[in-house]
2 protein chains.
Amino acid sequence: MSATSGTSRSAQASDGGHLEVSNTALLDTLWASMVSLYGDLTTAATAQGLTYSQAKALNVLRQGPAPMRSLAATLHCDASNITGIIDRLEARGFVRREPSPTDRRVKNVVLAEDGAAAVETLRAGMHATHESLDALSEEERATLQSLLTRLFVAGDGGF
Amino acid sequence: MSATSGTSRSAQASDGGHLEVSNTALLDTLWASMVSLYGDLTTAATAQGLTYSQAKALNVLRQGPAPMRSLAATLHCDASNITGIIDRLEARGFVRREPSPTDRRVKNVVLAEDGAAAVETLRAGMHATHESLDALSEEERATLQSLLTRLFVAGDGGF
DNA sequence: TATTGTTATACTCTATAACTATA
DNA sequence: TATAGTTATAGAGTATAACAATA
């Protein structure tokens, strides 16, 4: 945004480690993008009577059933939170708790039909995001997908 | 991810409007990226004794003082939330409330020295993000910055 | 009248610690 | 002993509604 170029990078390995201060401008852009996406997602979730955390949980469960502990790891929160979040989703019939056949300690959370419908409606309702994506070319979307996958998804499944 | 290609796009304008279902895979990637970035940010914030929301507020204030109402809009939350968030940041000396010279209803929130130091430390502490960014080439970072800016920042300042 | 910021309220999220039941 | 899930607790975030001060 300034004369120092959008991709400047202070390559000072102050303590012998890797590059410490990498690209302030890009960090700003990533941060702002996250806040915008968060806003669009929260708006769409509220329209379904869901909180941000509930929406995240439902979205993860689109990929298949998951144990409570696994959900906590994926959502970067303590396992005790998941109990309440799943409690509330289960009370609305959006998910079910099923016993694991292999480990009687484990409860697998399964996305119910109503939950699947709600999360699909939510995803379709992220209008600002969809409109922005429509403004990119096919090639640009492929590039973005590739870069973001390398940045955030590839490593170990979300840092 | 599947045989349907990473950039497929169901171009069905079901109700005469714009393209409704755009790129499920890319939405997934964006969502996962947001969750990962959120996780890294929260971890770095916790190390500074800050919550995610407090960190977002401090980061916005890096760009200069802002009225309460403006902070609420930028952070996509109700104005009544900001009162509490700024209360807690002010109690720790991270921000100050200053009266607006032009409108006696308005209070401008100013980043204090300790707050500026805390947010810079926080940003430097987002190790997972920095390491990921270091793995991209200069050109790739420029491309990512450009694409994200068009997607999320350019429009109207965060949707 | 409309807007800015605050307060009161109720609900949700969040981490910590302690607990039960399994492994 | 270690792990999965729950409960209790306290602090923080969140939106709604009502309010005072100012425009």
Side-chain angles (χ1 to χ4, degrees), chain A residues 34-35 38-61 65-92 94-110, chain B residues 35 38-60 65-92 94-110:
Chain A
M34 184 194 65
V35 171
Y38 176 100
D40 195 33
L41 170 49
T42 299
T43 300
T46 301
Q48 304 297 308
L50 293 167
T51 66
Y52 169 71
S53 295
Q54 290 169 351
K56 277 198 299 185
L58 288 181
N59 194 58
V60 168
L61 293 171
M68 304 290 284
R69 191 63 67 170
S70 160
L71 283 175
T74 304
L75 301 179
H76 299 100
C77 70
D78 192 84
S80 64
N81 305 337
I82 302 296
T83 298
I85 292 170
I86 298 301
D87 277 351
R88 287 179 276 275
L89 288 174
E90 195 169 29
R92 293 176 62 183
F94 284 179
V95 301
R96 292 189 307 275
R97 272 180 249 234
E98 297 186 349
S100 163
T102 57
D103 187 333
R104 287 197 297 169
R105 295 173 302 179
V106 173
K107 296 175 185 175
N108 286 316
V109 184
V110 182
Chain B
V35 171
Y38 176 100
D40 195 33
L41 171 48
T42 299
T43 299
T46 301
Q48 303 297 309
L50 293 167
T51 66
Y52 169 71
S53 295
Q54 290 169 352
K56 277 198 300 185
L58 288 181
N59 195 57
V60 167
M68 304 290 284
R69 190 63 68 170
S70 160
L71 283 175
T74 304
L75 300 179
H76 299 102
C77 71
D78 192 84
S80 63
N81 304 338
I82 303 296
T83 298
I85 292 170
I86 297 302
D87 277 351
R88 287 178 276 274
L89 287 175
E90 195 169 30
R92 293 176 63 183
F94 284 179
V95 300
R96 292 189 307 274
R97 272 180 249 233
E98 296 186 350
S100 163
T102 58
D103 187 332
R104 287 196 296 170
R105 294 173 303 181
V106 172
K107 297 177 186 175
N108 286 316
V109 184
V110 182

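So you know, we letter chains A, B, ... as the sequences are listed, proteins then strands, and number each from 1. Since this is a predicted model, take the numbers as computed values, not measurements.
Across D/dT6, D/dG13, C/dA15, the shortest atom-to-atom separation from the side chain of A/C77 is found for C/dA15. Of the listed nucleotides (C/dT12, D/dG5, C/dT22), D/dG5 has the atom at the smallest distance from the side chain of A/R69. For B/R97, the side-chain atoms get nearest to C/dT6 when compared with the rest of C/dT6, D/dG5, C/dA23. Of the listed nucleotides (D/dA23, D/dG5, C/dG5), D/dG5 has the atom at the smallest distance from the side chain of A/M68. Checking D/dG13, C/dA15, C/dA23 against the side-chain heavy atoms of A/S80 singles out C/dA15 as nearest. Distances were taken from every side-chain heavy atom of A/Q54 (C-beta onward) to each of C/dC13, C/dG5, D/dT3; the shortest belongs to C/dC13.
Mapping A/D78 and A/R105 onto DNA chain D via the closest heavy atom, the residue that lands nearer the 5' end is A/R105. Between B/V106 and A/K56, the residue anchored nearer the 5' end of DNA chain C, judged by the nucleotide with its closest heavy atom, is B/V106. Nearest-nucleotide positions on DNA chain C place A/T51 closer to the 5' end than the other of A/T102 and A/T51.
A heavy-atom distance below 4.5 Å is not found between the side chains of B/I85 and B/K56. In this structure, the side chains of B/L50 and B/L89 come closer than 4.5 Å at one or more pairs of heavy atoms.
Side-chain nitrogen and oxygen atoms of A/S53 include at least one within less than 4.0 Å of the OP1 or OP2 phosphate oxygen of C/dT14. Close to D/dT14, at under 4.0 Å from its OP1 or OP2, lies a side-chain N or O of A/Y38. Contact check, A/R104 against C/dA23: a side-chain N or O comes under 4.0 Å of OP1 or OP2.
By the 30° and 60° cut-offs, the orientation of the rings of B/Y52 relative to B/Y38 is tilted.
As a whole-Å value, the separation of B/K107 NZ from C/dT7 C1' is 12 Å. Counting to the nearest Å, the C1' atom of D/dG5 and the CG atom of A/N108 are 12 Å from each other. Rounded to an integer number of Å, the gap from A/N81 CG to D/dG5 P is 14 Å. Atom P of nucleotide C/dT7 and atom CD1 of B/I82 are separated by 15 Å, given to the nearest angstrom. For the pair A/Y52 OH and C/dT14 C1', the interatomic distance rounds to 14 Å; values are reported in whole Å. Computed from coordinates, the B/D103 CG to C/dA2 C1' distance equals 12 Å when rounded to whole Å. When rounded to the nearest whole Å, the span between CG of A/L71 and C1' of D/dT3 equals 17 Å.
Side chain of A/T51 to backbone of A/Q54: a donor-acceptor contact under 3.5 angstrom is found. Using a distance-only test at 3.5 Å, with no hydrogens or angles considered, no donor-acceptor pair links the side chain of B/S70 to the main chain of B/A66.
Listed by residue number, the members of residues 85-92 of chain A with any heavy atom below 4.0 angstrom from DNA chain C are A/I85, A/R88.
Here the CD-CZ distance, from A/Q48 to A/R92, works out to 8.5 Å after rounding to the nearest 0.5 Å. Note: A/I82 CD1 to A/C77 SG = 3.5 Å, rounded to the nearest 0.5 Å.
Applying the salt bridge (Lys or Arg N to Asp or Glu O under 4.0 Å) test to residues at least two apart or on different chains, the pairs with a partner in residues 68-89 of chain B are B/D87-B/R97.
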